[in-house]
2 protein chains.
Amino acid sequence: MENINEILSLDSDENTRHFSKGDTLQREGENCSKAFFVKKGLLRSYTIDDKGKEHIFMFAPEGWVIADIESQEFNQPAKLFIDCVEESEVIILDRSLLIRSELNIDQLKNNVNLLSRRVAVLQRRVIMLMSASAKDRYELFLETYPKIPNRVPQRMIASYLGITPQALSTIRGEITRKNKTIL
Amino acid sequence: MENINEILSLDSDENTRHFSKGDTLQREGENCSKAFFVKKGLLRSYTIDDKGKEHIFMFAPEGWVIADIESQEFNQPAKLFIDCVEESEVIILDRSLLIRSELNIDQLKNNVNLLSRRVAVLQRRVIMLMSASAKDRYELFLETYPKIPNRVPQRMIASYLGITPQALSTIRGEITRKNKTIL
DNA sequence: CCTATGCATTCATGTAGATTAACAAATCAC
DNA sequence: GTGATTTGTTAATCTACATGAATGCATAGG
């Protein structure tokens, strides 16, 4: 849900808040009627499975919106944790932002496009998870999010890719070793 | 994208077409500006990877809409094949159906809700693919789509779950064996 | 009706990635 | 600055699932 300036303008006067690295904005089990626009910094959303293992669902750098749409849509308590990977400035939006009554036709169409884009990104992610090897997934991640890797610890990238930090480390080792032999 | 009666009413006069089991409505590489509303029957969308292996992205039974939103959104040729699992009646819709100019505010809000629902379903699928074992994924599939399993060959269910037909067969064997010992 | 092709199941073997553990480097707390 | 905790790397072992092949059934087409 990138480039959401349209919607944002409606809320820029509302409460912008400042958070430190590691602060949690939403916990599993809470009621979650909020969405978070990232003005500055980097947030992430993730689940923790029954074995206590984290699975990162998405990263949200500057200009992105992050929320637990599944739980909101089905009126369930939150399944996702949302917290800060970096010190961040966040505008807290209401869940209704996408269909609030003040919106005009053009703004609604814009929202339809934003959601279509989000569906498209998720479609790509599902197909990737089903058909690509760990190495391919890592390389696709680097292409898709060229600016994020150096801001995020390896273990979180591994978690986003659905593999262990050890496996990612091995893959990175292979890639740099291959590049050395080429150079 | 279930229960799309709102949108449908706009197009019910357009060309409804009849297809046989196995007929292909869209191929990889084609320009894909269409979406398909399933009036009767069952469609599926899938990719074929570089090793020639099918990966089913979704099933669309009666009342659902199916389309390659990713490719449409990024203006690329289709990544997905779409074909008929059963004999089907399909209304062919234009890609612009979600933001076409005749739509009023309520219809647009309805579209926002439909897309939110789709995002929610995909969120669930991504989390499942990342964190659940093959057996858990199969059981979740049975819960989520209780009506589909008996209409779809095992190998397609396996493909949807991201495992081989052999692995699914083993899992099914385990489940029925366990149920027998309980009874 | 009979043959051919596809489908589900089972088993034997292979492999990507998980798990466990050990260690060095970086970061944090005080 | 110093000890403690977190992070990234490497290596040895383990396991879930893939791959490949054989077999019995079903469905389709002549």
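Letters A, B, ... mirror the listed sequences (proteins, then strands); counts begin at 1. Side chains are part of it too, since the values below use all heavy atoms of this structure and drop only hydrogens, waters and symmetry mates.
Checking C:dT10, D:dC17, C:dC7 against every side-chain atom of B:Pro153, the shortest atom distance belongs to C:dC7.
Where the helix from C:dC1-D:dG30 to C:dC30-D:dG1 starts and where it ends, the local axes point in directions that differ by 50°; five pairs per end, rounded to 10°.
As a whole-Å value, the separation of B:Arg155 CZ from C:dT9 P is 14 Å. Nucleotide C:dT9 holds its P atom 8 Å from the CG atom of B:Leu168, rounded to whole Å. Straight-line distance from the CD1 atom of B:Ile163 to the P atom of C:dA16: 19 Å, rounded to whole Å. Spacing between atom CG of B:Leu129 and atom C1' of D:dC17 amounts to 15 Å, rounded to whole angstrom units. Protein atom CD1 of B:Ile157 is 12 Å distant from nucleotide atom C1' of C:dA8, rounded to whole Å. Here the C1' atom of nucleotide C:dA18 and the CE atom of B:Met130 are 16 Å apart, to the nearest Å. Atom NZ in B:Lys51 sits roughly 7 Å away from atom P in D:dT19 (whole-Å rounding). In this structure, CD of B:Gln154 is placed 14 Å from P of D:dA26, rounded to the nearest angstrom.
Taking 4.0 angstrom as the limit, A:Arg172 places a side-chain polar atom (N or O) nearer than this to OP1 or OP2 of D:dT9. Considering only side-chain N and O atoms, B:Lys53 lies under 4.0 angstrom from the phosphate OP1 or OP2 of D:dT19. The phosphate of D:dA18 has OP1 or OP2 within less than 4.0 Å of a side-chain N or O from B:Thr164.
At the heavy-atom level, B:Pro165 lies nowhere under 4.0 Å from the strands shown. Note on B:Gly162: only backbone sugar-phosphate atoms sit closer than 4.0 angstrom, heavy atoms only; bases stay farther off.
Between B:Lys21 and B:Gln166, the one whose closest nucleotide on DNA chain D sits nearer the 5' end is B:Gln166.
A cation-pi arrangement is found for B:Arg44 relative to B:Tyr46, the charged atom lying closer than 6.0 Å to the ring centre and inside a 45° cone about the ring normal.
Qualifying salt bridge (Lys or Arg N to Asp or Glu O under 4.0 Å) partners for A:Lys109, counting only residues two or more places apart in sequence or in other chains: none.
Ring geometry for A:Tyr138 against A:Phe141 counts as parallel: the plane angle stays under 30°, on a 0 to 90° scale with 60° as the upper cut.
Salt bridge A:Lys39/A:Glu87: absent, no basic N to carboxylate O contact under 4.0 Å.
Among residues at least two apart or in separate chains, there is no side-chain hydrogen bond (donor to acceptor under 3.5 Å, both in side chains) pair with a member in residues 20-30 of chain A.
In this structure a side-chain-to-backbone donor-acceptor pair under 3.5 Å is present from A:Gln107 to A:Asn104. Between the side chain of B:Thr144 and the backbone N or O of B:Leu140, at least one donor-acceptor pair lies under 3.5 Å.
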